[in-house]
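The basis for the numbers below is simple: all heavy atoms, side chains too, and nothing from hydrogens, waters or symmetry mates.
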Amino acid sequence: ATRLFDITLANILVLILLIAQVHLVHSQDVQWPIHTVCNSERLTITYRSCDPLQDVGFTLLPCPNKLTDPIKIRLALILRQSVHELYSSAVLLLNGYEMLTWNEPLCLPHFQRFTFCGSRRGEIMTLDSSFQLKTDIPLKGYFTLLLNAINQDGFQIACVNATLSFK
């Protein structure tokens with residue numbers, strides 16, 4: 001009888017701890033922190049992962065004062081699902097008004113554009129790129145960039161909400 005009581009008491013304690021933990025998880029802010037990627041005299045870039053289960057690592061080096069400066073970009077995340085096909089979508093808003101929308105496949109079965117195409121669950125997916133504009137576009141304003149990437153099964157691989165503020 002004592003052993004049965006110990007098992008029941010242990011089960012009740014586990015149940016209480018689980019209920020308390022679920023309550024804490026649902027009562028806390030579920031958003032990821034805002035990351036500052038760049039903060040220069042001319043440009044401030046911040047972002048936040050909009051995927052409730054995973055944050056995204058993003059760097060931009062150097063933080064440019066002019067858009068004609070060469071810029072290196074790196075994006076990294078741990079895959080929760082394999083990527084045989086990957087489709088991206090983006091929306092660019094200027095001061096809250098939609099300016100541009102685009103959808104583009106990044107990985108297709110017979111057209112693997114990036115090294116992360118074919119990566120498996122649990123691997124680290126990285127995207128290294130660079131760009132340099134030929135002319136310095138006189139941008140001013142508050143831009144919001146919403147990025148989303150979905151794999152072949154409709155599973156969200158990455159979701160990022162970025163803010164670009166040109167001064």
Rounded to the nearest 0.5 Å, what separation is found between the CE atom of Met125 and the OG atom of Ser82?
-> 12.5 Å
Check whether any side-chain N or O of Arg121 sits under 3.5 Å from a backbone N or O of Leu79 as a donor-acceptor pair, and report yes or no.
-> no
Minimum heavy-atom distance Pro105-Tyr87, with the two atoms named = CB-CD2, 3.9 Å
Side-chain (Glu98) to main-chain (Val91) donor-acceptor, under 3.5 angstrom = no
Counting N and O atoms only, with roles assigned by atom type, does the side chain of Asn151 sit under 3.5 Å from a partner on the main chain of Asp153, one being a donor and the other an acceptor?
-> yes
Ignoring hydrogens and angles, tell me if any N or O in the side chain of Ser165 forms a donor-acceptor pair with the backbone of Tyr142 under 3.5 Å.
-> no
Does the side chain of Thr115 reach to within under 4.5 Å of the side chain of Asp128, using non-hydrogen atoms?
-> no
What's the spacing between Ser119 OG and Ile157 CD1 if we round to 0.5 Å?
-> 10.0 Å
Are the side chain of Gln132 and the backbone N or O of Thr68 linked by a donor-acceptor pair below 3.5 Å?
-> yes
How long is the span from the SG atom in Cys107 to the CG atom in Leu86, to the nearest 0.5 Å?
-> 5.0 Å
Considering only heavy atoms from C-beta outward, does the side chain of Cys159 approach that of Pro52 to under 4.5 Å?
-> no
Could you tell me whether a side-chain N or O of Thr163 sits under 3.5 Å from a main-chain N or O of Thr46, the two making a donor and an acceptor?
-> no
Tell me, do Ile124 and Phe116 make a side-chain contact under 4.5 Å, heavy atoms counted?
-> no
Distance-minimising heavy-atom pair for Cys50 and Asn161 = SG-N, 4.2 Å
Side-chain donor-acceptor pair under 3.5 Å between Lys167 and Ser40, yes or no?
-> no
Rounded distance (nearest 0.5 Å) linking atom SG of Cys63 with atom CD of Glu41 = 10.0 Å
Just by distance, do the side chain of Gln152 and the backbone of Glu85 share a donor-acceptor pair under 3.5 Å?
-> yes
Please report the shortest heavy-atom distance between Phe114 and Leu106, naming the atom on each side.
-> CD1-O, 3.6 Å
Can you tell me how far the OG atom of Ser49 sits from the CG atom of Leu147, to the nearest 0.5 Å?
-> 11.0 Å
Nearest heavy-atom neighbours spanning Asn148 and Ala158 = OD1-O, 2.9 Å
Looking at side-chain heavy atoms only, is the closest gap between Asp51 and Val56 below 4.5 Å?
-> no
From Lys140 NZ over to Phe166 CZ, what is the distance, rounded to the nearest 0.5 angstrom?
-> 11.5 Å
Indicate, with yes or no, if Leu164 and Val37 share a hydrophobic cluster defined by side-chain heavy-atom contacts under 4.5 Å among Ile, Leu, Val, Met, Phe, Trp and Tyr.
-> yes
Counting distance only, does the side-chain N/O of Arg48 pair as donor-acceptor with the main-chain N or O of Trp32 below 3.5 Å?
-> yes
Just by distance, do the side chain of Ser129 and the backbone of Ile73 share a donor-acceptor pair under 3.5 Å?
-> no
